[in-house]
Amino acid sequence: WGSWDWSLQTIRGTRDMKFYSKENCYDALKEADISTACLLDDVAVNQSSEINLEELQTDIEHILNQIQIALAYIESL
């Protein structure tokens, strides 16, 4: 996870974006929920030798970004 620092910077940068609305919060949480379910399904179906760690990292970063959008809204209340 050599690019973890980059990931944290990306996630922190999301907090500066103005997604402060109930609809965006809901959409972000729904997207994180769906993405997590898809990711778990992919991991369950594939054997460990078939899992692409780079894609896995990208998927997890996407989920974290969606959660950060929701948190930014909640923190703005």
Side-chain angles (χ1 to χ4, degrees):
W1 297 77
S3 65
W4 185 247
D5 290 334
W6 175 85
S7 301
L8 288 175
Q9 291 298 326
T10 301
I11 292 165
R12 286 187 190 120
T14 304
R15 299 187 73 183
D16 297 330
M17 300 167 81
K18 301 298 179 193
F19 288 109
Y20 304 145
S21 75
K22 185 191 289 187
E23 293 79 21
N24 289 115
C25 180
Y26 176 81
D27 290 345
L29 289 173
K30 185 118 174 134
E31 175 67 25
D33 179 56
I34 292 168
S35 295
T36 302
C38 291
L39 181 60
L40 288 174
D41 186 54
D42 287 347
V43 171
V45 170
N46 294 318
Q47 295 184 15
S48 61
S49 63
E50 297 173 342
I51 295 174
N52 182 325
L53 292 181
E54 191 172 305
E55 287 180 18
L56 181 64
Q57 179 178 351
T58 300
D59 291 343
I60 292 170
E61 288 170 353
H62 174 72
I63 293 166
L64 287 173
N65 280 324
Q66 297 304 309
I67 292 169
Q68 286 297 318
I69 291 169
L71 287 174
Y73 169 73
I74 293 167
E75 290 172 357
S76 75
L77 297 176

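Quick caveat, the model's predicted, so the values are computed rather than measured.
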Requested in this report: Work out which heavy atom in Ala70 is nearest to a heavy atom in Ala28; give both atom names and the distance.
Outcome: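 Heavy atoms of Ala70 and Ala28 come nearest at N-CB, 4.2 Å.
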
Report task. Identify, with sequence neighbours excluded, every residue that meets side-chain contact (heavy atoms from CB on, under 4.5 Å) alongside Asn52. Result ->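 Counting only residues at least two positions away or on another chain, Asn52 forms a side-chain contact (heavy atoms from CB on, under 4.5 Å) with Glu54, Glu55.
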
**Report entry** Sequence-distant partners of Glu23, side-chain contact (heavy atoms from CB on, under 4.5 Å), two or more places apart
**Finding:**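 Per chain and number, Glu23 pairs via side-chain contact (heavy atoms from CB on, under 4.5 Å) with Ser21.
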
Going from [atom1] on [X] to [atom2] on [Y], what distance comes out if it is rounded to the nearest 0.5 angstrom?
X     : Y     : atom1 : atom2 : value
Asn24 : Gln66 : CG    : CD    : 10.0 Å
Thr58 : Leu53 : OG1   : CG    : 10.5 Å
Lys30 : Cys25 : NZ    : SG    : 13.5 Å

Would you mind writing out the side-chain donor-acceptor pairs for residues 31-40 within the sub-3.5 Å range, not counting sequence neighbours?
residue	atom	partner	partner atom	Å
Glu31	OE2	Ser35	OG	3.1
Glu31	OE2	His62	NE2	2.9
Ser35	OG	Glu31	O	2.9
Thr36	OG1	Ala32	O	2.7

Query raised in the report: Can you get from Ile63 to Leu29 by hopping between Ile, Leu, Val, Met, Phe, Trp and Tyr side chains that sit under 4.5 Å apart?
Result: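 As far as the 4.5 Å side-chain criterion goes, Leu29 and Ile63 are not connected within one cluster.
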
Query - Single-linkage hydrophobic cluster Leu64~Leu56, side-chain heavy atoms < 4.5 angstrom - result: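 Yes; tracing contacts between hydrophobic side chains, which count when under 4.5 Å, links both residues.
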
Query raised in the report: Between Leu77 and Tyr73, is any pair of side-chain heavy atoms under 4.5 Å apart?
Result: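 Sidechains of Tyr73 and Leu77: in contact.
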
